[in-house]
Amino acid sequence: MRTFFVTGTDTGTGKTLVSASLAAFFSLRTGLRVGVMKPFETGLPSDRTELFPCDAKSLKDASGSTDNLALINPCTFELPLAPETAAQLNGKTIDLAVIDRAYEKIVRTHDITIVEGAGGILVPILEGFFFADLIARWALATVVVGRLGLGSINHTLLTCRVLQARGIRIIGVILNDTEGTDDVASRTNPDIIRKYLNVPILGVVPYFKTSEREGLDRETLAAIPASHLDTKAIYDGATLQSP
């Protein structure tokens with residue numbers, strides 16, 4: 001049983017697209033039982049009676065998982081804020097033991113599990129407890145998703161160095177073309193980032209319009225890693241868990 005964490009250098013880097021495409025790839029192209037988890041999701045639309053976890057639903061659909069959304073996404077908030085702040089403003093308490101149990105159940109029943117974070121690694125979950133601490137708590141190898149364009153060098157190097165300072169193993173970096181801008185930064189950033197990183201760049205995800213991202217079926221999602229990412233490195237780098 002293997003598992004890995006997908007984090008971003010910031011919010012809006014395309015973590016869900018990357019996570020969903022990898023879930024679809026490992027499910028459809030390799031026949032693995034793929035588990036997915038989005039421990040915390042904020043900024044959710046309300047349909048009068050409950051919060052609907054959009055990212056978690058995308059992961060569930062892409063992976064073909066039969067797990068309940070409440071297991072995949074055990075902690076949800078309507079306000080688009082860090083979990084610590086969203087919980088405080090909603091008068092709620094985040095119980096890490098509940099999150100741990102959900103994670104352990106998903107890992108036990110799948111061949112490979114993909115856990116997606118929210119925002120970056122220093123987004124606070126509880127007072128003094130950040131996503132980097134959650135990754136370390138579960139001893140997960142990590143894939144870092146960064147933007148392809150301007151600002152990517154600084155954000156990617158900072159994220160990787162903080163993870164490494166915490167002793168967290170980085171499988172590699174995926175750059176995501178979120179803007180579709182063919183400028184000098186987009187063309188040169190992969191080589192510059194590669195120059196200063198001591199972890200591999202696993203590939204570049206091509207640009208998709210928002211409407212295209214929302215309408216991607218599982219086969220189309222699976223084709224993204226197959227064509228653009230080093231899926232073998234990701235699989236081999238995933239953390240092995242005991243039954």
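Counting from 1, the numbers follow the sequence of the chain as shown. Basis for what follows: all heavy atoms, side chains included, without hydrogens, waters or symmetry-related copies.
- A 4.5 Å side-chain heavy-atom check between T7 and V143 finds every atom pair outside the cut-off.
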Exercise. Do T142 and L163 pass the side chain to side chain contact (heavy atoms under 4.5 Å, CB included) test, and can you show the C-alpha distance, the side-chain angles, and the key distance before you say yes or no?
Worked result: CA-CA 9 Å; T142 301; L163 288 171; 4.2 Å; yes
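- Considering L157, L158, T156 as possible partners of N154, the one that fulfils the side chain to side chain contact (heavy atoms under 4.5 Å, CB included) test is L158.
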Expected list for residues 83-91: side-chain donor-acceptor pairs under 3.5 angstrom, two or more places apart:
unit_1 : atom_1 : unit_2 : atom_2 : d
N90    : ND2    : A86    : O      : 2.7

For this session: List the steps, then state whether side chain to side chain contact (heavy atoms under 4.5 Å, CB included) holds for E41 with F77.
Result: CA-CA 6 Å; E41 187 166 355; F77 297 101; over 6 Å; no
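- Taking the side chain as every heavy atom from C-beta outward, F25 and L229 never approach each other to under 4.5 Å.
- K60 has no carboxylate O lying under 4.0 Å from a charged side-chain N of D67, or vice versa, which leaves the two without a salt bridge.
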Exercise. Would L126 and L96 satisfy side chain to side chain contact (heavy atoms under 4.5 Å, CB included), going step by step from the backbone distance to the final call?
Worked result: CA-CA 9 Å; L126 298 168; L96 287 179; 3.6 Å; yes
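- In this structure S27 satisfies the side-chain hydrogen bond (donor to acceptor under 3.5 Å, both in side chains) test together with R218, sequence neighbours excluded.
- Legend: side-chain hydrogen bond (donor to acceptor under 3.5 Å, both in side chains) pairs involving residues 222-234, not counting sequence neighbours, sorted by first then second residue: K232-D236.
- Scanning for salt bridge (Lys or Arg N to Asp or Glu O under 4.0 Å) contacts around D61 gives K57, with sequence neighbours left out.
- Remark: E179 CD is loosely packed, at most 12 non-hydrogen atoms of other residues, nucleotides or ligands lying under 6.0 Å away.
- Although no hydrogens or angles enter the test, the distance criterion places a donor-acceptor pair under 3.5 Å between the side chain of N189 and the main chain of A185.
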Problem set entry | From CA spacing to verdict: side chain to side chain contact (heavy atoms under 4.5 Å, CB included), L148, Y207 | CA-CA 10 Å; L148 183 62; Y207 174 66; over 6 Å; no
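- With sequence neighbours excluded, the residues that form a salt bridge (Lys or Arg N to Asp or Glu O under 4.0 Å) with K38 are D55, E116.
- If you chain together hydrophobic residues whose side chains sit under 4.5 Å apart, V18 and I224 fall into the same group.
- Qualifying salt bridge (Lys or Arg N to Asp or Glu O under 4.0 Å) partners for D10, counting only residues two or more places apart in sequence or in other chains: R147.
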For this session: Tell me, with the steps shown, if R2 and D111 meet salt bridge (charged side-chain N to carboxylate O under 4.0 Å, His left out).
Result: CA-CA 6 Å; R2 296 171 182 264; D111 301 315; over 6 Å; no
